[in-house]
2 protein chains.
Amino acid sequence: MKISTKGRYALRLMLDLAIYDTGDPVSLKDIAKRQEISEKYLEQIISVLNKAGFVRSIRGASGGYVLRRKPKEYTVGDILRLTEGSLSPVSCVGVESEECVRSGDCVTVMVWEKLDKAINDVVDNISLQDLVDWHMAQSDSYVI
Amino acid sequence: MKISTKGRYALRLMLDLAIYDTGDPVSLKDIAKRQEISEKYLEQIISVLNKAGFVRSIRGASGGYVLRRKPKEYTVGDILRLTEGSLSPVSCVGVESEECVRSGDCVTVMVWEKLDKAINDVVDNISLQDLVDWHMAQSDSYVI
DNA sequence: TATTTTCCTACCTGATTACTAGGATTAGTA
DNA sequence: TACTAATCCTAGTAATCAGGTAGGAAAATA
């Protein structure tokens, strides 16, 4: 029941883009340095975010990436589901769930449905902007 | 973010023991047949439940397993945490969490903490007896 | 004694995770 | 125009884990 590095790094990547959004593209090199994550690995992750239209890429020298939308318009759920795949705890519940031959007399599925709902309820109600706000609040307390 | 077969099978195993609890031990062979799970694989799973004192084993012919406590006294969380290990979505939150060098300026950890809380809140508030009740309600509807 | 059961350890195969590596392509800059 | 800095794309890889299988010892009953 673990979130993989793909999902976790994607979240930090998007947050980094939101925090360092000056209008100019942000290079992966800078993100990798700040987040202490391999640049080559981040390439693969941001490629997914790019193809899904979450970020826009600018190629060539002084290129980089920018967010396509406002931080408020991304939920943590959007980002995690894109990079992790489904967040449902078993394959037989949630969206695009696979039919199970035992579903007739399966009671445990009710547990998984409650769990699925609880998980989505959390990640779909936190926006990237929330993370930015939390970050700012945290930074402030350091300054004082 | 998936619950493995170990946790899922353990839950079905415990539920089977709760449903077929006549006082006589229930053999793994019967459980395996009813649940359509490899008996050999179930051996490994019930061994963990046995060592943790969740079930009592009776060896020899006409032996088997019985629940140590009443179904009301097991939560789904107990069973899953025992067989799956920690249910926390990342290693840096929850009980026995590992310290992270970045925890100082890590904001995403707040997401994981909310998620961890939501997950535990579900599994710790469903008892094995609840599963039995749901099963009975489901069986009734089939009879009609 | 024969049979039925749990108990224990070892092994195995395929998939996944978390990367690394190398080079092609694009675009700004000297 | 050459150089450099960036994204883009594909392949490979070591380690771990999932999900079992296999074989036999030990215990208890009939």
Side-chain angles (χ1 to χ4, degrees), chain A residues 1-13 16-17 20 24-68 80 83-87 89-91, chain B residues 1-13 16-17 20 24-68 80 83-86 89-91 100:
Chain A
M1 271 291 275
K2 289 277 181 285
I3 299 276
S4 75
T5 53
K6 238 168 214 170
R8 275 154 44 211
Y9 291 178
L11 206 54
R12 283 165 59 188
L13 203 164
D16 193 280
L17 280 177
Y20 293 91
D24 290 330
V26 181
S27 76
L28 258 196
K29 200 176 166 186
D30 289 348
I31 300 176
K33 211 171 288 171
R34 278 193 293 261
Q35 298 296 327
E36 299 176 275
I37 302 172
S38 144
E39 190 185 337
K40 278 295 187 182
Y41 192 31
L42 277 187
E43 270 186 17
Q44 292 173 30
I45 294 167
I46 207 160
S47 155
V48 176
L49 294 163
N50 192 16
K51 276 167 188 158
F54 282 35
V55 300
R56 190 161 59 87
S57 70
I58 295 99
R59 300 185 68 168
S62 76
Y65 299 88
V66 288
L67 293 183
R68 282 247 191 217
L80 290 183
T83 48
E84 286 281 306
S86 164
L87 296 179
V90 293
S91 58
Chain B
M1 270 292 276
K2 288 277 181 285
I3 299 276
S4 75
T5 53
K6 240 166 212 169
R8 276 153 43 210
Y9 290 178
L11 207 54
R12 283 165 59 187
L13 203 164
D16 193 281
L17 280 176
Y20 293 92
D24 290 329
V26 181
S27 76
L28 258 198
K29 199 176 166 184
D30 290 348
I31 300 176
K33 211 171 288 171
R34 279 193 293 262
Q35 299 296 327
E36 299 175 276
I37 302 173
S38 144
E39 190 184 338
K40 278 293 186 183
Y41 193 31
L42 277 186
E43 269 187 17
Q44 291 174 31
I45 293 167
I46 206 160
S47 156
V48 176
L49 294 164
N50 191 19
K51 277 167 187 159
F54 281 37
V55 301
R56 190 161 60 88
S57 69
I58 296 98
R59 300 184 67 165
S62 77
Y65 298 89
V66 288
L67 292 183
R68 282 247 190 216
L80 290 184
T83 49
E84 286 280 306
S86 163
V90 293
S91 58
C100 169

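Letters A, B, ... mirror the listed sequences (proteins, then strands); counts begin at 1.
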Q | Euclidean distance, atom CD1 of residue A:Ile46 to atom C1' of D:dC8 [Å, nearest integer] | A | 12 Å
Q.
As a test of reading the structure: which of C:dT5, C:dT6, D:dA22 is closest to the side chain of B:Lys40, going by heavy atoms?
A. D:dA22
Q) Do any side-chain nitrogens or oxygens of B:Tyr41 fall under 4.0 Å of OP1 or OP2 in C:dC12? A) no
Q: Would you kindly give the NZ-to-C1' distance between A:Lys29 and D:dC8, to the nearest whole Å?
A: 17 Å
**Q.** Whole angstrom value for the distance that separates P of D:dG19 from CD1 of B:Ile37
**A.** 12 Å
Q. Which is it for A:Leu28 and A:Glu43 under the side chain to side chain contact (heavy atoms under 4.5 Å, CB included) test, yes or no, and what are the steps along the way?
A. CA-CA 7 Å; A:Leu28 258 196; A:Glu43 270 186 17; 3.6 Å; yes
Q. Within less than 4.0 Å of OP1 or OP2 of D:dT21, is there a side-chain N or O belonging to B:Ser38?
A. yes
Q) For the side chain of A:Glu39 and the base of C:dT20, is some donor closer than 3.5 Å to an acceptor across the two? A) no
Q. Which whole-number value in Å describes the distance from B:Ile45 CD1 to D:dG20 P?
A. 8 Å
Q | Heavy-atom pair with the smallest gap, counting every atom of A:Arg34 and A:Tyr20 | A | NE-CE1, 3.2 Å
**Q.** Whole-Å distance separating the CD1 atom of A:Ile31 from the C1' atom of D:dA6
**A.** 12 Å
Q: Give a yes/no on whether any side-chain N or O of A:Ser47 is located under 4.0 angstrom from OP1 or OP2 of D:dT7.
A: no
Q: From the options C:dT6, C:dA10, C:dC19, select the nucleotide whose nearest atom is closest to the side chain of B:Leu28.
A: C:dT6
**Q.** Options C:dA18, D:dG20, D:dA6, nucleotide nearest the side-chain atoms of B:Thr5
**A.** D:dG20
Q: Could you tell me the separation between the CZ atom of B:Arg56 and the C1' atom of D:dA27, rounded to a whole number of Å?
A: 15 Å
Q | From D:dG23, D:dG19, D:dT29, nucleotide with atom closest to B:Glu43 side chain | A | D:dG23
Q) Considering only heavy atoms from C-beta outward, does the side chain of B:Lys2 approach that of A:Met1 to under 4.5 Å? A) no
(Q) Output the rounded distance in Å from CD (A:Gln44) to C1' (C:dG22). (A) 13 Å
Q) A:Arg59 has a side chain; which of C:dC19, D:dA25, C:dA27 sits nearest to it? A) C:dA27
Q.
Among A:Val26, A:Leu17, A:Val48, A:Val66, exactly one meets side-chain contact (heavy atoms from CB on, under 4.5 Å) together with A:Val55. Which residue is that?
A. A:Leu17
Q) Between C:dC19 and A:Tyr9, is there an OP1 or OP2 to side-chain N/O distance shorter than 4.0 Å? A) yes
Q | Among D:dA27, C:dC19, C:dT4, the one nearest B:Ala61 by side-chain distance | A | C:dT4
Q: Take atom CG of A:Asn50 and atom C1' of D:dC9, then tell me their distance rounded to the nearest Å.
A: 13 Å
Q. Of all the choices, D:dC9, D:dA6, C:dC7, which nucleotide is nearest to the side chain of A:Lys51 once you look at every atom?
A. D:dC9
Q. Between A:Ser57 and D:dT7, is there a side-chain N or O to OP1/OP2 distance below 4.0 Å?
A. no
Q | Student check: side-chain heavy atoms of B:Tyr65 and B:Ile31 closer than 4.5 Å | A | no
Q. B:Thr83 and B:Gly7: which non-hydrogen atoms are nearest, and at how many Å?
A. OG1-CA, 3.4 Å
